[in-house]
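Below, chains carry the letters A, B, ... as their sequence lines are ordered, and counting in each starts from 1. All figures in this text were calculated on a predicted structure; none of them were measured in a lab.
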Protein chains: 2
Amino acid sequence: MPESDRPLVLSQTAAGLLRDKILRGELAPGTPLREVIWAEALNVSRNTLREALRDLVAEGLIEHRPHHGATVRALTSAEISEIYTIRLTLELRGVTCSAYASKEAMAELVERVEAVQRAALARDWKQSGTASLEFHRQIVSFIGSPRLDELFASVAAQARLAFSLASDARRFQEPWVARDVEICSMLCDGDRAGASRALELYLQESERVVLEAARSHGLPRPSRTAAPAPD
Amino acid sequence: MPESDRPLVLSQTAAGLLRDKILRGELAPGTPLREVIWAEALNVSRNTLREALRDLVAEGLIEHRPHHGATVRALTSAEISEIYTIRLTLELRGVTCSAYASKEAMAELVERVEAVQRAALARDWKQSGTASLEFHRQIVSFIGSPRLDELFASVAAQARLAFSLASDARRFQEPWVARDVEICSMLCDGDRAGASRALELYLQESERVVLEAARSHGLPRPSRTAAPAPD
DNA sequence: AGGAAAATTTTGTTCAACAAATTATAGAGC
DNA sequence: GCTCTATAATTTGTTGAACAAAATTTTCCT
């Protein structure tokens, strides 16, 4: 039944709800998203849900094989590596473009690295991780391309999906804070070559750690087990 | 009527037909794509057409404003500039990564630049443009990320859309052939710094020319005129 | 003309149905 | 007991009709 609230575009709000659940880690990678079940769980028609699913496929959050349906995307180790390849490409270019960044943009960068520090001081490691991604996002924004910004956001969302496997959040986030700070100060000093080197090492190590976590914690197991209930 | 042939996934073959028509230039940028009209033109239901349209939106070939429907994407000059920003980001990184490219990949690069030369010699400027894009695509592929390859393909498709405005194809393509060859030989010699410089100038000038062509030829005019018939 | 109100078009969404493909189940035979 | 196959049950792909809501066009009034 078409009920209650009248949001601007239903299929997109439905996509939004699903996106949140996935990013929040409530739906483990590999989980199948059955159309009828989620249609009534989100209180939309099956057709509308399908449109929502198509949007999420475009975002890279879910996979869709014809006649098999949609599943929460489970990253292979190759895909995790690719995430870092993409990050390196975008962030290195961002560092180069920081030469032409406005005063405000640089101030925003400092602002964000401070947010990382605040979260770390408060021992809020989840927030620290989010803030760190925001910091790197700001670096990418120096390029000045909304589309590349969007790509980074998409990639970052998937990275967080991989992060969610990490058992101990502290050991996972703490070492990076100081390095974010270092990169930021190098950028402020105009030492772009140094920032590039630091960034490259940063991403290499991060990739190694995430890959390790993913490997130990369980990679795309074709588990045919029952799907968690929507509610 | 669900007729005759039984393609694997209808909505995607429908999207394919539309994609071709757009890329072929049969549907001018800004052209509205009315759902009922194209649904029966492609012989699919409206729901299926909607799914096809959503796919094309994800590809960046069409725009979609809620309650206004889909239109063939008309690039603003800012968006044309962004195409070159993205190309610069991807291709420069590709040049860097060419250091680790396999022998086969480098051979493929030479292969493609030769295809550009052949087409130019045959005065087939349309083919020359396509081949040139393939050459640059190969540079990007050195990065080794399918997703970035896909991004380049998407951006290239839109670039061709902008190219289609060019009045004189020869003056438009000829000057670039020699520069593609130069960049290729620099890469083969391992002179990545030189290749980077040449590439940056190449893209800067290309952007200038395309922007000029687009400006003179007519930018996103909100023409409310009748849409061309599907057939 | 100008602008408000009504008629029309177009999109957003739902529902019910069915074909086709996939997966699960139950036997048959060894 | 095990594999292989035929059958049933599920799930996706697609359709067509219907209607509400938003946007566009037309009409009509001043």
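When only modelled atom types and interatomic distance are considered, Arg93(B) and Ser145(B) share no side-chain donor-acceptor pair under 3.5 Å. With 3.5 Å as the limit, one finds no donor-acceptor pair spanning the side chains of Arg87(B) and Ser206(B).
As a whole-Å value, the separation of Glu35(A) CD from dT12(D) C1' is 6 Å. Distance, Asn47(B) CG to dC18(C) C1': 15 Å, rounded to whole Å. Residue Arg34(B) contributes atom CZ, which lies 9 Å from atom C1' of dT9(C) at whole-angstrom precision. Straight-line distance from the CG atom of Leu42(A) to the P atom of dT14(C): 11 Å, rounded to whole Å. Note: CD1 (Ile37(A)) to P (dT10(D)) measures 12 Å, nearest angstrom. Taking atom CG of residue Leu10(B) and atom C1' of nucleotide dA21(C), one finds them 14 Å apart after rounding to whole Å. Trp38(B) has its CH2 atom 13 Å from the P atom of dT11(C), to the nearest Å.
Between atom OG1 of residue Thr48(A) and atom CG of residue Leu53(A) there is a gap of 11.0 Å, rounded to the nearest 0.5 Å. Taking CD1 from Ile143(A) and OG1 from Thr96(A), the interatomic distance works out to 8.5 Å, rounded to the nearest 0.5 Å.
Looking at every heavy atom in both residues, Glu63(A) comes nearest to Ala74(A) through OE2-O, 4.3 Å.
Within the 4.0 Å cut-off from OP1 or OP2 of dT14(C), at least one side-chain nitrogen or oxygen of Thr48(A) is found. For Ser11(B), no side-chain nitrogen or oxygen approaches OP1 or OP2 of dG13(D) to under 4.0 Å.
Sparse packing is recorded around CD of Glu40(A), with 12 or fewer heavy atoms of other residues, nucleotides or ligands lying under 6.0 Å away.
For Arg147(B) and Glu150(B), the salt-bridge test fails: no basic side-chain N is under 4.0 Å from an acidic carboxylate O. Using a 4.0 Å cut-off between charged side-chain N and carboxylate O, Glu59(A) and Arg19(A) make a salt bridge.
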Practice item. Begin from the C-alpha positions of Arg215(A) and Glu212(A) and carry the test salt bridge (charged side-chain N to carboxylate O under 4.0 Å, His left out) through to its verdict. Key: CA-CA 5 Å; Arg215(A) 242 188 283 277; Glu212(A) 221 166 78; over 6 Å; no

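In the interface, the side chain of Arg46(B) is not paired with the base of dT14(D) through any donor and acceptor atom under 3.5 Å apart.
Residues Leu33(B) and Val44(A) both approach DNA chain C. Their nearest nucleotides, taken by heavy-atom distance, put Leu33(B) toward the 5′ side.
For DNA chain D, none of the residues of residues 49-56 of chain B falls under the heavy-atom distance limit of 4.0 Å. Shown for residues 57-69 of chain A: residues whose heavy atoms fall under 4.0 angstrom of DNA chain C, namely His67(A), His68(A).
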